[in-house]
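Remember, it's 1-based here, ligands and their atoms both numbered in the order they're listed.
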Amino acid sequence: MNTSRIFHNAGLDDIAAKVEAGERLSLEDGRRLFDCPDINAVGALAHGVRTRLHGRNTYFVVNRHINYTNVCVNGCLFCAYSRKRADQKGAFELSMEDIEAKVLAHEGERLSEVHIVGGCHPTMPLSFFEAALARIRELRPEAKLKCFTAVEIAHFARLENISVHEVLTRLKAAGLDAMPGGGAEIFNPEVRNRICPEKISAEEWLSVAEQAHELGIKTNCTMLYGHVESLDDRLDHLDRLRCLQDRTGGFLCFIPLTFQIRNNLLGLTRQSTGVEDLKNMAVCRLMLDNIPHIKAYWVMLGVKLAQTALYYGADDLDGTVVEEKIGHMAGAQSDNALTRAELTGMIRRCGLDAVERDSFFNPVEG
Ligand code: V47
Ligand code: SF4
């Protein structure tokens, strides 16, 4: 059966025509895609966009994650990773020496990215992070530094009693190249109030991202889904991201984060199904018409579903990761790390072309 027949049978003729013409989909179109029972038709539309943008190229990065602390003043109810106080069981704080040791692990292997995020610690000063970035730059000059979510940036500003602009300017001067996309969760204020009442608002998150973009700092963006939000909340979230992207063009990659249910304080016990994850991936690709890359984060999805998602709109798998904590403390079943060879094999065995990249999606010679 050809694809136009598939779209016709799924009642998606008009949406397929818009996608073909490169027209923006409305929120109603997005809702029809979510409600369409034919997951393969929705996936085929998204795969068409992914192929138009990237062909068979499928990106990955040789990176390592460093979580500098899980002590966090925010106490989001979905978060299994954080601890309110440093003396609580399971709480940790890395020293400069700990960070250096992590950066120097696997010293013989080229590292393209260091991804640093942590809790909003009540006392760790901005000067510590400036010194850490400068030290990592010295130890790993080849690596791009993708560090601190908008939530952490806003936290540093509050803690130091300075503006977000000043925090960003100082971190950029210390070596910050780009920022990861965490902390966006779901922008709807009622949902935010239920799942992370202490966290910065949607407006503040978007404002930090906008200020970073204005300073030439590219960022990623995320959506945490599969908890208490509705499908319309997801669409509102995607719409707010693409509206900011229209203004700044500063988002590189979007990562849908499927909620991991273990150890949450919301009483949620239902893990999203693979079908829901794939449908969501496809709808995100179709709605975010101005964000170049969509990531299938293997840590949260698991390797096999991440591979399948490469045919539902995703073009990136993130990377080697090494020592992921946030998803695993919430029950993610994936390994803690993949090697370059494993990632390359994972992609090639799906019939796609593996492209090793840096944080900006520039190809890196393997
Ligand atoms: O902001 C917390 C989420 C995020 C859970 O930018 C959870 O390249 C699922 O943003 N289940 C941090 N998700 C991770 C993140 C990220 C990861 C990889 C790459 C990039 C990138 C960004 O993790 C948090 C929060 O939204 N999170 N708890 C949970 N139980
Ligand atoms: Fe803190 Fe981030 Fe966990 Fe919220 S999600 S409690 S901000 S570490």
Enquirer: Just jot down the ligand 1 atoms closer than 4.0 angstrom to any heavy atom of Thr222, in number order.
Expert: 10 (O)
Enquirer: Taking a cutoff of less than 4.0 Å between a non-hydrogen atom of the residue and any ligand atom, is Met329 in contact with ligand 1?
Expert: no
Enquirer: Is Ile66 reachable from Val61 through a run of I, L, V, M, F, W or Y residues, each pair having side-chain heavy atoms under 4.5 Å apart?
Expert: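 No, Val61 and Ile66 fall in different hydrophobic clusters.
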Enquirer: If the contact criterion is a heavy-atom separation under 4.0 Å, does Gly75 count as touching ligand 2?
Expert: yes
Enquirer: Of all heavy-atom pairs between Gly119 and Cys72, which one has the smallest distance, and what is that distance?
Expert: CA-CB, 3.8 Å
Enquirer: Parallel under 30°, tilted from 30 to 60°, perpendicular over 60°: which one fits the rings of Phe92 and Tyr81?
Expert: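 Phe92 and Tyr81: perpendicular rings.
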Enquirer: Which residue supplies the protein heavy atom nearest to atom 13 (N) of ligand 1, what is that atom called, and how far is it?
Expert: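 Scanning the protein heavy atoms, the shortest distance from atom 13 (N) of ligand 1 goes to Leu224 CD1, 3.2 Å.
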Enquirer: Below 4.0 angstrom, N of the basic side chain to O of the carboxylate: do Glu356 and Arg110 qualify?
Expert: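 A salt bridge is present here (some side-chain N lies under 4.0 Å from a carboxylate O).
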Enquirer: Within the 4.0 Å heavy-atom shell around Asn220, which atoms of ligand 1 are there?
Expert: 6 (O), 8 (O), 21 (C)
Enquirer: Which protein heavy atom lies closest to atom 10 (O) of ligand 1, and at what distance to 0.1 Å?
Expert: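 Answer, as residue, atom name and distance: Gly182 CA, 3.0 Å.
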Enquirer: How close does the nearest protein non-hydrogen atom get to atom 4 (C) of ligand 1, and which residue and atom is it?
Expert: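 Protein heavy atom with the smallest distance to atom 4 (C) of ligand 1: Leu257 CD1, 3.7 Å.
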Enquirer: Can a donor-acceptor pair be found between the side chains of Asp315 and Thr58 at a distance below 3.5 Å?
Expert: no
Enquirer: I need the contact type for Ile255 against ligand 1. Using non-hydrogen atoms and a strict under-4.0 Å cut-off, is it side chain, backbone, both or neither?
Expert: side chain
Enquirer: Using a strict threshold of under 4.0 Å (side-chain N to carboxylate O), is an ion pair present between Glu204 and Lys199?
Expert: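 Salt bridge: no.
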Enquirer: Among all protein heavy atoms in this structure, tell me which lies nearest to atom 5 (S) of ligand 2, with the distance rounded to 0.1 Å.
Expert: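 In this structure, atom 5 (S) of ligand 2 has Lys199 NZ, 3.5 Å as its nearest protein heavy atom.
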Enquirer: Less than 4.0 angstrom from a charged side-chain N to a carboxylate O is my criterion; do Arg64 and Glu113 meet it?
Expert: no
Enquirer: If you have a sec, work out which protein heavy atom is nearest atom 25 (C) of ligand 1 and how many Å separate them, to one decimal?
Expert: Glu185 OE1, 3.5 Å
Enquirer: Note the single closest protein heavy atom to atom 27 (N) of ligand 1, along with its residue, its atom name and the distance in Å.
Expert: Ile326 CG2, 3.8 Å
Enquirer: If I apply the N/O under 3.5 Å rule, does Lys199 come out as touching ligand 1?
Expert: no
Enquirer: So with a 6.0 Å cut-off around CZ of Arg194, is the heavy-atom count from everything else above 12?
Expert: no
Enquirer: Record the part of Arg262 in heavy-atom contact with ligand 1 below 4.0 Å; permitted values are side chain, backbone, both and neither.
Expert: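 The answer is neither; Arg262 stays 4.0 Å or more away.
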Enquirer: If you measure from the Lys or Arg side-chain nitrogens to the Asp or Glu carboxylate oxygens, is any gap between Lys146 and Asp177 under 4.0 Å?
Expert: no
Enquirer: Which residue supplies the protein heavy atom nearest to atom 18 (C) of ligand 1, what is that atom called, and how far is it?
Expert: Tyr297 CZ, 3.3 Å
Enquirer: Within ligand 2, which atoms have a heavy atom of Cys79 less than 4.0 Å away?
Expert: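 Reading through ligand 2 atom by atom, the close ones are 3 (Fe), 5 (S), 6 (S).
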Enquirer: Do Tyr59 and His293 have their ring centres less than 6.0 Å from each other?
Expert: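 Ring centroids of Tyr59 and His293 are less than 6.0 Å from each other.
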Enquirer: Should you measure from each heavy atom of Cys72, which atoms of ligand 2 turn up under 4.0 Å away?
Expert: 1 (Fe), 6 (S), 7 (S), 8 (S)
Enquirer: At under 4.0 Å between heavy atoms, which part of Thr258 makes contact with ligand 1: side chain, backbone, both or neither?
Expert: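 Backbone only.
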Enquirer: Using the six-membered ring wherever Trp is involved, compare the ring planes of Tyr297 and His65 and label them parallel, tilted or perpendicular (cut-offs 30° and 60°).
Expert: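 Plane angle under 30°, so parallel.
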Enquirer: Give the atom numbers and elements of ligand 2 that come within less than 4.0 Å of a heavy atom of Asn74.
Expert: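 So the answer, numbered in order with elements, is 7 (S).
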Enquirer: Distance under 4.0 Å to a non-hydrogen atom of Met300: what atoms of ligand 1 satisfy this?
Expert: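 In order of number, 9 (C), 13 (N).
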Enquirer: Using distance alone, decide if ligand 1 has a nitrogen or oxygen within less than 3.5 Å of any nitrogen or oxygen in His65.
Expert: no
Enquirer: When you compare ligand 1 with His115, is there at least one nitrogen or oxygen pair between them that comes in under 3.5 angstrom?
Expert: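 The answer is no, given that His115 and ligand 1 share no N or O pair closer than 3.5 Å.
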Enquirer: Quick check: do Ile347 and Val355 have side-chain heavy atoms less than 4.5 Å from each other?
Expert: no
Enquirer: Would you confirm whether the ring centroid of Phe156 sits within less than 6.0 angstrom of the ring centroid of Phe129?
Expert: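 Here the rings of Phe156 and Phe129 have centres that are less than 6.0 Å from each other.
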Enquirer: Identify the protein heavy atom lying closest to atom 6 (O) of ligand 1, giving its residue, its atom name and the separation to 0.1 Å.
Expert: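 So the nearest neighbour among protein heavy atoms is Gly181 N, 2.8 Å.
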Enquirer: For residues Gly331 and Gln333, report the shortest heavy-atom separation together with the two atoms involved.
Expert: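 Gly331 and Gln333 have their closest heavy atoms at O-NE2, 2.9 Å.
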Enquirer: Who gets closest to atom 11 (N) of ligand 1 by heavy atom: Glu152, Gln260, Glu324, Lys146?
Expert: Gln260
Enquirer: Taking both backbone and side-chain atoms of Gly183, is any N or O found less than 3.5 Å from an N or O belonging to ligand 1?
Expert: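 Yes, since at least one N or O of Gly183 sits under 3.5 Å from an N or O of ligand 1.
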Enquirer: So for atom CD, which belongs to Glu20, do other residues, nucleotides or ligands contribute more than 12 heavy atoms lying within a distance under 6.0 Å?
Expert: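 No, because the 6.0 Å sphere around CD of Glu20 holds 12 heavy atoms or fewer from other groups.
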Enquirer: Just jot down the ligand 2 atoms closer than 4.0 angstrom to any heavy atom of Phe78, in number order.
Expert: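 Going through ligand 2 atom by atom, the ones under 4.0 Å from Phe78 are 5 (S).
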Enquirer: Examine the proximity of ligand 1 to Pro180 and report which part, side chain or backbone, both or neither, has a heavy atom under 4.0 Å away.
Expert: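 The part of Pro180 near ligand 1 is both the backbone and the side chain.
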Enquirer: May I ask you to check whether Cys76 brings an N, O or S atom to under 2.8 Å from atom 4 (Fe) of ligand 2?
Expert: yes
Enquirer: Please list the nearest protein heavy atom to atom 5 (C) of ligand 1 with its residue and the distance rounded to 0.1 Å.
Expert: Phe78 CD1, 4.2 Å
Enquirer: Considering only NZ, NE, NH1 and NH2 on the basic side and carboxylate oxygens on the acidic side, decide whether Arg242 and Asp246 come within less than 4.0 Å.
Expert: no
